[in-house]
Protein chains: 2
Amino acid sequence: MARPLTARQQTVYDFIVKTMAEFGYPPTRAEIARALGFRSPNAAEEHLRALDRKGVIRMIPGTSRGIRLPASGNESEPAEPQSSGLPIIGSVAAGSPILATEHIDRYCPLPADYFSPSADYLLRVRGLSMKDAGIFDGDLLAVHRTQQIRNGQIVVARLDDDVTVKRFQREGSRVTLIAENADFEPIVIDLELQHLEIEGLGVGVIRGGNGSGLH
Amino acid sequence: MARPLTARQQTVYDFIVKTMAEFGYPPTRAEIARALGFRSPNAAEEHLRALDRKGVIRMIPGTSRGIRLPASGNESEPAEPQSSGLPIIGSVAAGSPILATEHIDRYCPLPADYFSPSADYLLRVRGLSMKDAGIFDGDLLAVHRTQQIRNGQIVVARLDDDVTVKRFQREGSRVTLIAENADFEPIVIDLELQHLEIEGLGVGVIRGGNGSGLH
DNA sequence: ATACAGGCTGGAATTGTATCCAGTCATTGT
DNA sequence: ACAATGACTGGATACAATTCCAGCCTGTAT
């Protein structure tokens, strides 16, 4: 719909962009004229009209510095990686893999490497078994997928098709999953008798995302 | 010289920021007056002078819409409201506004409206006074700048130039700031005797960002 | 040749805006 | 009690800025 800008129009447009980046507001006709050597502000006005016709700027009539740059490519700041974000996992059905699509509630627009080690997904925690570790019902636990866990770290584990978040403690073949809440008993597992699947390591917590607020 | 902004000054400042984000240029005195209900553009002018004195904006004399935001690495593009992310505030020096540039540690690439009400900045919490509310030393508290607080909500308050996070309780002119930790005594303030500045409302918590990990 | 758009000068009307002055009212610090 | 400050109203003034009008060139399609 719009023909390409002429060389002169491009110069005017560039000056507008540069001015807005430098000062935080658009130039006046007189400022454009001064910068480009016009002796009349009307020359700038006509260029602005042309740029408006071609859709690269929008003029707001009767308004000083009333120039807007509509949906344009933002070139002042280094572009954000803008990955799709971390998937938020709601309830996990028995026996199905955690990252199955049907568990994905929504996405959290945070880069995976915001946490370290990097997060692979966010798990919505149910219950208060980790409240003394500051993980409450409804909180999102950032999880790094790994089987390498050291004692005392917080893990996402699967026990009999049940996904839980607990503190991990291992001595030989005996693993203890400790709740951070006096009301919950530790769970003791003998790896030679029972299977324990480690889904990942807790690397962060987010609370309050999307209306859940702070209680 | 840089005392914190008054509530009204904050309102004016917020309007300037909002206008620049929405339109790509700062408001005029008349526009500020219209938006905030002043009958005289002079009321806006005086607020701008106060904001300039306190360093949060800079005025360019004789220039229409001559308002700059020197603090944030603000960009002119209205393209995406959530481009740069939320500023992370480290320690706040006595008597200076929270969002002063020198307090900004880094940015968290999360859109403000991920939380609701939307977050304006993230405050790094020091100490364990809110541990029973799941807010630990080093956690980031997402803060929505407002003075409208209901009983039981978690607030960021300034008492004698000291910034603290507590649960808010008000009965008449007596405000109680309650720590969520049995080791800390509640702080009782009589608003008629002592000044209490409410900096904002806690709307979220983030833990584990960048190497701090989970303990 | 003629028409038409781009790119200007020069001037001028009109409105937008910044900025000053003189007050009022309430709060706070001395 | 007094001065200082914040938060305004109301009016006024001068400059800043948009916008219109009448032209003058120079190409380039018709």
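A quick note: this is a predicted structure, and the numbers were derived from the prediction, not measured. By convention in this document, chain letters (A, B, ...) are assigned in the order of the sequence lines, proteins followed by strands, and residues within each chain are numbered from 1.
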Distance in angstrom units between [X] [atom1] and [N] [atom2], rounded:
X	N	atom1	atom2	result
B/Phe15	D/dA7	CZ	P	17 Å
B/Tyr25	D/dT18	OH	C1'	13 Å
B/Gln9	D/dA7	CD	C1'	10 Å
B/Leu196	C/dT28	CG	C1'	17 Å
A/Ile32	D/dA17	CD1	C1'	11 Å
A/Leu51	C/dG6	CG	P	11 Å
B/Asp52	C/dA18	CG	P	14 Å
B/His195	D/dG6	NE2	P	13 Å

Go through the structure and list residues passing side chain to side chain donor-acceptor pair (under 3.5 Å) with [X], not counting sequence neighbours.
X	value
A/Glu180	A/Arg167
B/Arg49	B/Glu45
B/Glu171	B/Arg174

Whether A/His47 side chain and A/Gln9 backbone form a donor-acceptor pair below 3.5 Å: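 Judged by distance alone, no pair lies under 3.5 Å.
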Side chain B/Arg207, main chain B/Asp139, donor-acceptor under 3.5 Å: no
Residues in side-chain contact (heavy atoms from CB on, under 4.5 Å) contact with B/Ser40, at least two apart in sequence or another chain: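 B/Ser40: side-chain contact (heavy atoms from CB on, under 4.5 Å) contacts with B/Asn42.
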Distance test, side-chain N/O of [X] to OP1/OP2 of [N], below 4.0 Å:
X	N	answer
A/Arg29	D/dA17	no
A/Arg65	C/dT17	no
A/His47	C/dG7	yes
B/Arg8	D/dT5	no

Salt-bridge present (B/Asp137, B/Arg126; N to O < 4.0 Å): yes
Residue A/Thr28, side-chain atoms from C-beta onward, closest of C/dA18, C/dC20, D/dT18: D/dT18
Minimum-distance nucleotide (side-chain atoms of B/Ser64 versus C/dA18, C/dT19, D/dA7):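 Closest of the options to the side chain of B/Ser64: C/dA18.
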Net bend of the helix from C/dT2-D/dA29 to C/dT30-D/dA1, end axes of five pairs each, nearest 10 degrees: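 Inter-axis angle at the termini of the helix from C/dT2-D/dA29 to C/dT30-D/dA1: 30°.
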Residue of the set A/Thr63, A/Ile60, A/Asp52 for which side-chain contact (heavy atoms from CB on, under 4.5 Å) holds with A/Arg68: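 Going through A/Thr63, A/Ile60, A/Asp52 one by one, the side-chain contact (heavy atoms from CB on, under 4.5 Å) with A/Arg68 is satisfied by A/Ile60 alone.
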Please tabulate, one pair per line, each protein N/O and nucleotide N/O from nucleotides 9-12 of chain D that are separated by under 3.5 Å, including the distance.
unit_1 : atom_1 : unit_2  : atom_2 : d
D/dT9  : OP1    : B/Arg39 : N      : 2.8
D/dT9  : OP2    : B/Arg39 : N      : 2.8
D/dT9  : OP2    : B/Ser40 : N      : 3.2
D/dT9  : O4     : B/Asn42 : ND2    : 3.0
D/dG10 : N7     : B/Ser40 : OG     : 3.1

Value rounded to 0.5 Å, distance of CG in A/Leu123 from CD1 in A/Ile88: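 Nearest 0.5 Å value for the CG-CD1 distance: 10.5 Å.
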